[in-house]
Amino acid sequence: MLTDRFGARPTVQSRAVHSGMIWTVRRDTVDFADGVRFDREYIDHPGAVAVLAFTDDARAVIIRQYRHPAGGCFAEIPAGLLDKDGEALGDAALRELAEETGYEATRIHHLLDVFPSAGSSSEMIRIFVALGAHPAASVEFDRTDEEAEIEVELVPLGELVDAVLGGEVTNAALGSAVLAVWAHLNRQGLGEADVAQLDLPDADRPLPGA
């Protein structure tokens with residue numbers, strides 16, 4: 001079975017070269033192999049969660065958010081940092097769904113884990129599927145900065161697949177999640193409208209490499 005092989009090589013020295021608003025840039029000296037030693041700088045990231053949520057009529061809850069480093073307003077799925085001690089990952093995903101969209105869900109399942117840029121960041125995103133999404137009665141959260149202009153759209157899955165494959169939307173978590181759900185539906189002999197019938201793992205799964 002094809003699988004990633006986890007296990008860090010020995011680190012001779014590790015030091016922070018920049019401590020920013022959200023994450024730290026570290027420089028590690030890696031004892032890679034006999035006679036092979038090198039330095040690598042990378043973003044030391046706390047990790048994140050993301051969630052592709054579907055309403056009962058099989059429409060996905062999608063947001064549009066401005067991203068300054070890339071200079072654009074991107075179609076995305078709700079996501080956020082793992083920055084609350086002791087919070088379960090599934091609970092974090094549902095919290096982000098509520099804060100960014102005003103929606104809550106009745107079920108949540110693990111979909112996949114992705115390292116968006118393993119060569120430059122330790123960030124791992126755990127992506128969930130949430131089902132039975134509907135407007136929450138109330139959400140105690142004030143959006144600020146770029147989140148203040150988040151737009152929420154309900155989009156059919158087929159339209160999302162076309163947008164991903166056509167290069168119209170480029171967010172990594174959204175693309176990975178949409179294509180994974182589409183693949184699960186096809187493997188299970190289900191149609192686009194049958195997303196609520198998907199057989200997916202429970203939300204609580206060990207992290208990669210744990």
Side-chain angles (χ1 to χ4, degrees), residues 20-25 43-55 58-84 87 89-105 108-118 120-182 195 203:
M21 296 169 58
I22 299 176
W23 44 62
T24 298
V25 175
I43 297 171
D44 188 10
H45 196 285
V49 291
V51 55
L52 177 56
F54 289 94
T55 61
R59 291 184 295 169
V61 183
I62 301 300
I63 64 173
R64 292 185 182 273
Q65 184 170 359
Y66 176 71
R67 296 299 189 183
H68 184 70
C73 188
F74 289 79
E76 302 182 358
I77 55 177
L81 298 175
L82 292 173
D83 53 5
K84 292 186 179 294
E87 186 177 35
L89 274 64
D91 291 341
L94 290 174
R95 174 177 54 79
E96 293 292 344
L97 175 65
E99 291 176 354
E100 295 188 356
T101 71
Y103 278 71
E104 58 188 11
I108 188 166
H109 298 274
H110 175 265
L111 182 60
L112 75 163
D113 301 317
V114 295
F115 283 84
S117 185
S120 60
S121 173
S122 64
E123 179 184 18
M124 191 279 296
I125 306 176
R126 169 149 290 188
I127 304 177
F128 295 89
V129 166
L131 302 172
H134 57 276
S138 64
V139 178
E140 295 183 1
F141 182 77
D142 293 325
R143 298 179 197 155
T144 60
D145 301 326
E146 66 268 29
E147 289 187 344
E149 292 190 359
I150 283 179
E151 303 172 18
V152 180
E153 298 183 30
L154 302 181
V155 185
L157 178 60
E159 183 178 328
L160 283 174
V161 172
D162 290 343
V164 172
L165 295 179
E168 301 300 323
V169 296
T170 56
N171 177 263
L174 183 151
S176 299
V178 165
L179 296 182
V181 166
W182 191 253
V195 66

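Quick caveat: nothing in here was measured; it's all calculated off a predicted structure. Every heavy atom of this structure was used, including side-chain atoms; hydrogens, water molecules and symmetry mates were not.
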Report task. Could you pull out all residues at least two apart from H109 that satisfy ring pair (Phe, Tyr, Trp, His ring centres under 6.0 Å)? Result ->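 None.
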Taking side chain as C-beta onward, heavy atoms only, is [X] less than 4.5 Å from [Y]?
X	Y	value
V51	V129	no
V25	D44	no
T101	I62	no
L112	V114	yes
I125	V49	no
P46	D83	no

Report task. Sequence neighbours left out, what pairs pass salt bridge (charged side-chain N to carboxylate O under 4.0 Å, His left out) with at least one residue falling in residues 108-117? Result ->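 Of all non-adjacent pairs touching residues 108-117, those that pass salt bridge (charged side-chain N to carboxylate O under 4.0 Å, His left out) are D113-R126.
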Query raised in the report: Which pair of heavy atoms, one from A53 and one from L97, lies closest together, and at what distance?
Result: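 Nearest pair, atom of A53 first, then L97: CB-CD1, 3.8 Å.
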Report task. Give a yes or no answer on whether the side chain of S122 reaches the backbone of H45 with a donor-acceptor pair at less than 3.5 Å. Result ->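 Looks like yes, one N/O pair under 3.5 Å.
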Query raised in the report: Quick one: does H134's side chain have a donor or acceptor within less than 3.5 Å of a partner on G132's backbone?
Result: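 It does hold such a pair.
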Which side-chain N or O atoms in residues 150-160 pair as donor and acceptor under 3.5 Å with protein atoms at least two apart or in another chain?
{"from": "E153", "atom 1": "OE2", "to": "R64", "atom 2": "NE", "distance (Å)": "2.5"}

Exercise answer: donor-acceptor pairs, residues 69-81 side-chain atoms, under 3.5 Å, sequence neighbours excluded:
{"from": "E76", "atom 1": "OE1", "to": "R67", "atom 2": "NH2", "distance (Å)": "2.9"}
{"from": "E76", "atom 1": "OE2", "to": "R67", "atom 2": "NE", "distance (Å)": "2.8"}

Query raised in the report: Stepwise, does the side chain to side chain contact (heavy atoms under 4.5 Å, CB included) test hold for R95 with E87?
Result: CA-CA 10 Å; R95 174 177 54 79; E87 186 177 35; 2.8 Å; yes
Report task. Using the test side-chain contact (heavy atoms from CB on, under 4.5 Å), find all partners of S120 that sit at least two apart in sequence or belong to another chain. Result ->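 S120 satisfies side-chain contact (heavy atoms from CB on, under 4.5 Å) with S117 once adjacent residues are dropped.
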**Report entry** For E168, salt bridge (Lys or Arg N to Asp or Glu O under 4.0 Å) partners two or more places apart
**Finding:**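 Checked E168 against salt bridge (Lys or Arg N to Asp or Glu O under 4.0 Å); zero matches.
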